[in-house]
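Accompanying notes for the structure given below.
Chain letters run A, B, ... following the sequence lines, proteins first, then strands; residues in each count from 1.
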Number of protein chains: 2
Amino acid sequence: MKPLYHPAAADITVEGILYALSDPVRVRIYAEIVRSDCPRTCSNFLRIDDRTLPKSTLSQHFKVLREAGLIRSERKGVEMRNTSRCEELRERFGDMVGAIIDAYKEQFARQDAAARRETPEV
Amino acid sequence: MKPLYHPAAADITVEGILYALSDPVRVRIYAEIVRSDCPRTCSNFLRIDDRTLPKSTLSQHFKVLREAGLIRSERKGVEMRNTSRCEELRERFGDMVGAIIDAYKEQFARQDAAARRETPEV
DNA sequence: TTTTGTGGTTCGGGAATTACGAACAAATAG
DNA sequence: CTATTTGTTCGTAATTCCCGAACCACAAAA
């Protein structure tokens, strides 16, 4: 099986990060990886945001996150342990990634609130 | 001619902004608009980053920036005045956009430095 | 050791986007 | 009016994206 490509910290680009995080599904995944203590696997996200995603699609999303430099993936037996590269990113980009995640969090909260207003619970 | 669509501040999304700024050409344009005192026009950017861009492509880039909510465009005679929507963006997203621009600035500086090392001037 | 199961990747093709040349539109100058 | 300048729209080729099907690697069961 092909080795997993991870860019060196110096090769991580802003455009790569922004592109990776410009997809709501990928952000949900990334935010959960950041938030979580233990590493997350691909199949932790088969259901996300009320949608069921095929695993081929998920695999692609993880690849994008990995090759953008946002996460580190290690095979551990059958599964893949994904962890965030926080420290390296902060080192290189200051609080940019944090600011993005925060902005998304607020947006998701708004959207959830709006949805709840539409459908005021069953 | 069709009216120009500008999203209301409340309708600006994080993913829209990240996507718009995940293209190096668009970032150069946006950064220049932010930096500049007077409004910038489309044809200010026919040459950018050592490439010549067709104006149809440029027009699309401006449209993406506008519809993401990053810039405001007003027809003034034959040309289009583009200004940044800084205040609204800061209001809504804090320092996210600023952090992105700063990160890009540093990256561009690095890349220019690396290029100069390759070609140590004629 | 074969079989079965699980987690994930790769491949292929249709759908959706993107880039850009050509034609067009609107304002202004001569 | 005609010519110029600035920018948009349209059509199409090229690229990218999504997802089902097939596949690969490892582990545990038989």
Of dT8(D), dT9(C), dC17(D), the nucleotide closest to the side chain of Arg66(A) is dT9(C)
To the nearest angstrom, the CZ-P distance between Phe45(B) and dC20(C) comes to 17 Å
When rounded to whole Å, the CE to C1' distance for the pair Met80(B) and dA25(C) reads 12 Å
- Main-chain N/O of Ala20(B) paired to Arg26(B) side chain as donor or acceptor, under 3.5 Å: yes
Separation of dG7(C) atom P from Arg40(A) atom CZ, nearest Å, is 13 Å
Lys63(B) NZ to dT18(C) C1', in whole Å, measures 12 Å
From CZ of Arg75(B) across to P of dG7(D) the rounded distance in Å is 10 Å
message = Is the phosphate of dC19(D) approached by Ser56(A) (side-chain N or O, under 4.0 Å from OP1 or OP2)?
response = no
Comparing nearest nucleotides in DNA chain D, the 5'-proximal residue of the pair Pro54(A), Asn82(B) is Asn82(B)
Ranking Phe62(B) and His61(A) by the position along DNA chain D of their nearest nucleotide, the one closer to 5' is Phe62(B)
Atom CG of Leu46(B) and atom P of dG21(C) are separated, to the nearest Å, by 12 Å
Test your reading of the model: is there a side-chain donor-acceptor pair from Asn82(B) to the backbone of Arg40(B), 3.5 Å cut-off?
yes
| task | Give the intermediate values and the outcome of side-chain contact (heavy atoms from CB on, under 4.5 Å) for residues Tyr19(A) and Val14(A). | result | CA-CA 8 Å; Tyr19(A) 174 73; Val14(A) 179; over 6 Å; no
Distance only, no hydrogens: is a donor on one side chain within 3.5 Å (strictly under) of an acceptor on the other, for Arg72(A) and Thr83(A)? no
Separation of dC18(D) atom C1' from Asp23(A) atom CG, nearest Å, is 11 Å
**Message:** Need one value for Ser43(B): base, sugar-phosphate or nothing, where a base atom within 4.0 Å counts as base even if backbone is also close, heavy atoms only.
**Reply:** sugar-phosphate
Gln60(A) CD to dT15(D) C1', in whole Å, measures 15 Å
- Message: Please determine whether a side-chain nitrogen of the Lys or Arg among Arg92(A) and Glu87(A) lies less than 4.0 Å from a carboxylate oxygen of the Asp or Glu.
- Response: no
From the candidates dA19(C), dC19(D), dT9(C), the one with an atom nearest any side-chain atom of Thr57(A) is dC19(D)
Checklist entry - Is any side-chain nitrogen or oxygen of Thr41(B) closer than 4.0 Å to OP1 or OP2 of dT6(D)? => result no
Regarding the side chain of Ser59(B), the nearest nucleotide among dT8(D), dG8(C), dC17(D) is dT8(D)
